[in-house]
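Here the structure comes first, spelled out in structure tokens, and everything after it is commentary.
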Amino acid sequence: MAKKPNKLRARLPRGFVDRSAADIRATDEMLSKIRQVYESYGFDPVETPAFEYTDCLGKFLPDTDRPNAGVFSVQDDDEQWMSLRYDLTAPLARHVSENINEIQLPYRTYRNGWVFRNEKPGPGRFRQFMQFDADTVGAPGVQADAEMCMMMADAMEALGIPRGQYVIRVNNRKVLDGVLEAVGLGGEDDAERRLTVLRAMDKFDKFGTEGVRLLLGEGRKDESGDYTDGAKLSAPAIDAIVEILEASAIDDLIDYTNDLTFKTAALSKFAINESFEAGFRELKLISVLVTSAGYQSDRISVDPSVVRGLEYYTGPVYEAELLFDVINEKGEVVQFGSVGGGGRYDGLVKRFTGRDVPATGFSIGVSRLMTALKNLGKLQTADVVAPVLVTVMDGDTEALGRYQKMVQDLRQAGIRAEMYQGNWKKFGNQLKYADRRGCPIAIIQGSDEREAGEIQIKDLIEGARLASESTDVDNVTWRESRPAQVTANEADLIETVRGILAAQAEDRRQANGD
RNA sequence: GCAGACGUAGCUCAGUUGGUUAGAGCGUCGGAUUGUGGCUCCGAAGGUCGGUGGUUCGAAUCCACUCGUCUGUACCA
């Protein structure tokens with residue numbers, strides 16, 4: 001048998017999605033809520049393009065695991081390499097550096113945009129996704145970091161996540177450096193093991209004390225049988241690190257009177273080093289600042305297991321985490337992780353300018369957060385009513401003109417409306433179309449009505465309800481009963497439509513229970 | 001990247017020890033009904049059985065490789 005010629009198969013590259021009307025509207029809603037928060041903090045928008053020269057995005061990797069993966073790159077006409085941005089921070093550093101003479105520091109700015117990562121997608125993880133960032137450039141003090149944390153908490157609540165269902169966890173890269181120094185991994189030779197230790201600490205939330213002990217020690221095997229090699233630290237070092245991770249507040253760890261000292265048994269074996277001291281003092285300061293601004297530890301909490309990226313952070317780091325379970329389509333609880341984070345990156349602008357320009361900022365993973373809210377049913381689906389459909393009974397030019405006029409009149413009265421654009425000769429299809437499209441009302445005017453100066457106005461929502469109540473009526477009878485349909489004077493079109501729409505809106509409100 | 005599970009129509013899935021032309025429900029489209037949505041009835045379209053190669057007289061079924069999806073893990077700027 002001869003094979004048919006192969007059809008081209010329509011398919012989307014993995015990790016990319018088409019966005020539906022509902023998604024787009026929900027995203028817009030989210031963005032405007034976040035924007036409102038940032039604006040109220042006095043931040044101004046700025047936008048940079050999706051492409052940058054690859055060297056400007058920078059590779060700060062001490063992390064040599066994956067030398068070139070993760071980024072989409074192309075070569076320009078002049079053979080310079082360009083890449084799609086993989087976050088909004090590096091492009092901002094480029095923008096600030098390029099315009100450093102015009103920009104008034106400290107520069108408080110926000111922006112949202114698509115970013116691209118060439119890596120394996122997961123639930124709520126895409127290769128193109130939206131981030132919403134805010135940064136303060138040229139502010140050296142931790143008060144800028146504290147403000148970032150507060151703003152992030154406010155953004156979470158503005159998005160409808162109730163207090164107690166999220167937390168902003170704060171740590172300090174200097175504390176982590178102090179830990180590494182204290183367990184004897186300060187030297188250049190131990191770079192690899194330092195990463196292993198940091199990654200292990202980062203897993204505390206996921207694997208708990210025992211899992212982290214394994215990762216800090218010999219290694220850990222997961223359920224699928226995959227094995228992760230450990231950092232092979234000594235037992236006392238592991239004890240000390242675990243004690244830091246398990247602390248519920250920094251005051252449990254540190255005595256802040258005069259010279260800092262460790263309070264706990266396992267930690268007291270270590271001296272406070274310079275990094276520890278600087279890090280803990282900054283954390284304490286942030287903690288005091290946010291508390292006096294009214295943000296208690298249920299919203300912003302110091303947590304030494306926060307590690308974040310291993311690249312450019314130099315001081316405080318923070319992370320927004322959702323505390324509710326996220327359920328996927330199959331009803332399984334999926335581990336979700338953080339929906340945003342950031343930190344202080346004092347070295348990023350200096351790469352371009354040579355000048356010290358300290359900066360701090362954070363990023364909200366809009367796409368990711370939206371997946372979580374959607375799965376939870378907390379996504380505010382914007383209440384967009386489908387258009388009123390003006391049906392076409394006669395296809396002659398004069399009649400079409402009359403229908404167009406009706407549509408325009410409706411539009412000018414602020415009512416979404418459209419004229420049927422399919423094959424008008426099958427009238428049943430017009431109403432079927434309206435029904436499937438979710439149209440609230442259909443307008444009908446044939447020659448009979450035309451001569452009488454009337455129109456038929458059909459309430460499709462009410463009609464659907466009536467239809468579902470009487471299922472055994474035969475089609476002809478049902479049709480001729482013209483359910484939920486009123487005859488109106490041509491001049492009363494707008495008024496009548498308005499009345500029906502208002503009644504429908506009221507019904508929806510009652511159905512929603514508010 | 002590593003490990004496991006799974007790939008049959010737009011969707012959800014049947015498909016016997018390898019045996020004619022691969023099926024069902026839902027959905028889609030057309031008709032019954034040239035001016036009325038739902039119900040009902042009739043009809044139609046829709047398949048590289050994920051792909052390639054192999055074993056066999058014969059493969060959706062067995063084998064190898066490969067691609068994709070999901071879950072875990074690694075990485076996550």
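Heavy atoms only: backbone and side chains are in, while hydrogens, waters and symmetry mates are out. Throughout, a chain's letter reflects where its sequence line sits, starting with A, and its residues are numbered from 1.
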Rounded distance in Å between the [atom1] positions of [N] and [M]:
N     : M     : atom1 : value
B/G47 : B/A14 : C1'   : 15 Å
B/C42 : B/G27 : P     : 15 Å
B/U40 : B/A45 : P     : 23 Å

Classify the nucleic acid contact of [X] as base, sugar-phosphate or nothing, counting any heavy atom under 4.0 Å across all strands shown.
X      : answer
A/A464 : base
A/V473 : base
A/T228 : sugar-phosphate
A/R436 : sugar-phosphate

Quiz item: Nearest nucleotide by nearest heavy atom, which residue falls closer to the 5' end of RNA chain B, A/Q485 or A/K426?
Solution: A/K426

Quiz item: Hey, is the side chain of A/R199 poking within less than 4.0 Å of OP1 or OP2 on B/C76, counting only N and O atoms?
Solution: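 Yes.
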
Quiz item: Taking only N and O in the side chain of A/K432, is any of them less than 4.0 Å away from OP1 or OP2 of B/C39?
Solution: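 So the side chain of A/K432 is outside the cut-off, no N or O lying under 4.0 Å from OP1 or OP2 of B/C39.
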
Quiz item: How close or far is atom P of B/C39 from atom CG of A/D435, stated in whole angstroms?
Solution: 9 Å

Practice problem: Would you please name every residue forming a ring-ring contact (aromatic ring centres under 6.0 Å, His included) with A/Y345, sequence neighbours left out? | Solution: A/Y312

Quiz item: Can you list, by residue number, the residues of residues 442-450 of chain A that have a non-hydrogen atom closer than 4.0 angstrom to RNA chain B?
Solution: A/I444, A/G446, A/S447, A/D448, A/E449

Quiz item: Quick one: does A/L389's side chain get under 4.5 Å of A/R437's, heavy atoms only?
Solution: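 When only atoms from C-beta onward are counted, A/R437 and A/L389 do not touch, as no gap falls below 4.5 Å.
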
Exercise. Report the residue from A/R368, A/K206, A/R169 that forms a salt bridge (charged side-chain N to carboxylate O under 4.0 Å, His left out) with A/E321.
Key: A/R169

Quiz prompt | Lys/Arg-Asp/Glu bridge criterion (N-O < 4.0 Å) met for A/K405, A/D409 | solution =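 Between A/D409 and A/K405 there is a salt bridge, with a charged N closer than 4.0 Å to a carboxylate O.
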
Practice problem: Determine which bases of RNA chain B form Watson-Crick or G-U wobble pairs with both distances under 3.5 Å, and write the result as a 5' to 3' dot-bracket string with | for other-strand partners. | Solution: (((((((..((((.....[...)))).(((((.......))))).....(((((..]....))))))))))))....

